[in-house]
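Let me begin by presenting the structure, written as structure tokens, before commenting on it.
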Amino acid sequence: GLADGNNVAKTIRVRIFDNTNLGVEATTTLTIKNLPPVATIVVPATATEGVRPVVKYLVASDPSNKDFKAGFKASWDFNDDGVWDIGDGSTYAGSIAGKATIPLGFVSDSGPIQIRVRVFDKDGGYVDDWGTIIINEVAPRATFGPISALTSGTPVTFKFSALIDAPSDVTAGFTYSFDFDNDGVFEVSGPSKQAATVFPVRGTYGVSGRIMDQDGFFTVYTLTVNVL
């Protein structure tokens, strides 16, 4: 009928009679153009690096009730580079229904990402919309402590282990700093996870360790150790 445009020509036949002559018949074709849906992308304003956010779309209207009954599908481009990351971006059949979870590779580091969605109806009509998510930086975390005996006059080694951060920061590596007298000055700093010092006499000492990622975010751990 006229309520569902699918861009397919329909044949219309008419037969006309008068009171004298035989009926005359004529035919023509009518194509009901499909109109795309009106849809809006829905994304969170912010997300945390290394955590995969969920995105979706809302269809506000479509001229065809049959399109609503059939359901809508979408293709997703998670960095708006023109390459469809979920769905083919060309067809209803090649797209997916419902929500999408952004792959980790797109949220592995901080900064804004612009996302594009293309929403299709069953007849291939589509509409595009865009949204931006700000990916927030997270400071790295670790376990920090001594890995050798706390004995005065001999080297005592402190080490960072069990590192936790976004994948891109882990791949880039960290800067590890060590403050062996807890005076706010890091005597040792570099790419090594461990460093050693010698405590000259028995007693209680404060030791701090700092782990910093490529974006300059860091966590400081402060320990109180009893040296024998």
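One hydrophobic cluster, built from ILVMFWY side chains closer than 4.5 Å, holds both V225 and Y221. Linking ILVMFWY side-chain heavy atoms closer than 4.5 Å, directly or via other members, places I115 and V42 in two distinct hydrophobic clusters. Cluster annotation: V55 is connected to V59 through the hydrophobic network of ILVMFWY side chains, with a link wherever side-chain heavy atoms come within less than 4.5 Å. A single hydrophobic cluster is not seen to contain both I164 and F144; linkage of ILVMFWY side chains at heavy-atom distances under 4.5 Å, directly or through other members, places them apart. At a threshold of 4.5 Å between side-chain heavy atoms, the hydrophobic network of Ile, Leu, Val, Met, Phe, Trp and Tyr places I113 and L104 in one connected group.
Atom-to-atom distance recorded for I96:CD1 and F120:CZ is 12.0 Å, nearest 0.5 angstrom. How far CG of N34 is from OH of Y126: 12.0 Å, rounded to the nearest 0.5 Å. Atoms CG and OG, on L35 and S61 in that order, are 10.0 Å from each other to the nearest 0.5 Å. The OG1 atom of T219 sits 8.5 Å away from atom CG of D213, with the distance rounded to the nearest 0.5 Å. Atom CZ in R118 sits 12.5 Å away from atom CD1 in I41 (nearest 0.5 Å).
Residues V207 and F199 are in side-chain contact: their nearest non-hydrogen atoms beyond the backbone lie under 4.5 Å apart. By the 4.5 Å heavy-atom criterion applied to side chains, T175 and S189 are counted as neighbours. Using a 4.5 Å cut-off on side-chain heavy atoms (C-beta onward), T204 and T224 make contact. At a threshold of 4.5 Å between non-hydrogen side-chain atoms, the residues P112 and I133 do not count as touching. Under the 4.5 Å side-chain criterion, counting only non-hydrogen atoms from C-beta, V43 is not in contact with P53. V188 places a side-chain heavy atom less than 4.5 Å from the side chain of F180. Side chains of I86 and F78 form a contact here, defined as non-hydrogen atoms less than 4.5 Å apart.
Remark: K159 NZ is loosely packed, at most 12 non-hydrogen atoms of other residues, nucleotides or ligands lying under 6.0 Å away. Summarising the local packing, CZ of R141 is surrounded by 12 or fewer heavy atoms from other residues, nucleotides or ligands at distances under 6.0 Å.
D129 and T40 form no side-chain donor-acceptor contact under 3.5 Å, judged by distance and modelled atom types alone. Between the side chains of T143 and S161, not a single donor N or O lies within less than 3.5 Å of an accepting N or O.
Heavy atoms only, all atoms of each residue included: I102 and R52 are closest at O-NE, 2.9 Å. In terms of heavy-atom proximity, P37 sits nearest to V127 at O-CG1, 3.3 Å. A pairwise comparison of heavy atoms in W84 and S75 identifies CZ3-O, 3.5 Å as the closest pair. Summarising the geometry of A142 relative to I211, their closest heavy-atom pair is CB-CD1, 4.2 Å, with the distance given to 0.1 Å. The two residues S108 and S168 make their nearest non-hydrogen contact at O-OG, 2.6 Å. Shortest non-hydrogen contact noted between F174 and D169 is CZ-O, 4.0 Å.
Distance alone, capped at 3.5 Å, is enough to place a donor-acceptor pair between the E49 side chain and the V138 backbone. At least one donor-acceptor pair closer than 3.5 Å links the side chain of D121 to the backbone N or O of D123. Of the possible polar contacts, one joining the D77 side chain to the D81 backbone as a donor-acceptor pair under 3.5 Å is found. Checked by atom type and distance alone, the side chain of S64 pairs as donor or acceptor with a backbone atom of D67 at under 3.5 Å. Judged by distance alone, with hydrogens and angles left aside, the side-chain atoms of N182 form no donor-acceptor pair with the main-chain N or O of S208 at under 3.5 Å. Within the 3.5 Å criterion, the main-chain N or O of V51 finds no donor-acceptor partner in the side chain of T48. Under a 3.5 Å cut-off, the side chain of N65 and the backbone N or O of F68 do not form any donor-acceptor pair.
For N136, there are no side chain to side chain donor-acceptor pair (under 3.5 Å) partners at least two apart in sequence or on another chain.
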**OP:** Evaluate the criterion side-chain contact (heavy atoms from CB on, under 4.5 Å) for residue pair M212 and F217; output intermediate values, then yes/no.
**Re:** CA-CA 6 Å; M212 181 183 295; F217 282 70; over 6 Å; no

Original post:
Do I147 and T157 pass the side-chain contact (heavy atoms from CB on, under 4.5 Å) test, and can you show the C-alpha distance, the side-chain angles, and the key distance before you say yes or no?
Top reply: CA-CA 6 Å; I147 59 171; T157 301; 3.7 Å; yes

Subject >> Working for side-chain contact (heavy atoms from CB on, under 4.5 Å), residues F106 and D85 >> reply: CA-CA 10 Å; F106 295 97; D85 303 300; 3.5 Å; yes

**OP:** Could you walk me through whether F72 and D62 pass side-chain contact (heavy atoms from CB on, under 4.5 Å), step by step?
**Re:** CA-CA 10 Å; F72 301 91; D62 191 290; 3.7 Å; yes

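Partner F178 forms a ring pair (Phe, Tyr, Trp, His ring centres under 6.0 Å) with one of F186, F158, F160 and no other, that one being F160.
Listed by first and then second residue, the salt bridge (charged side-chain N to carboxylate O under 4.0 Å, His left out) pairs involving residues 94-116 are R116-D128 (not counting sequence neighbours).
Both cation-pi conditions hold for K73 and Y92: the charged atom is under 6.0 angstrom from the six-membered ring centre and inside a 45 degree cone around its axis.
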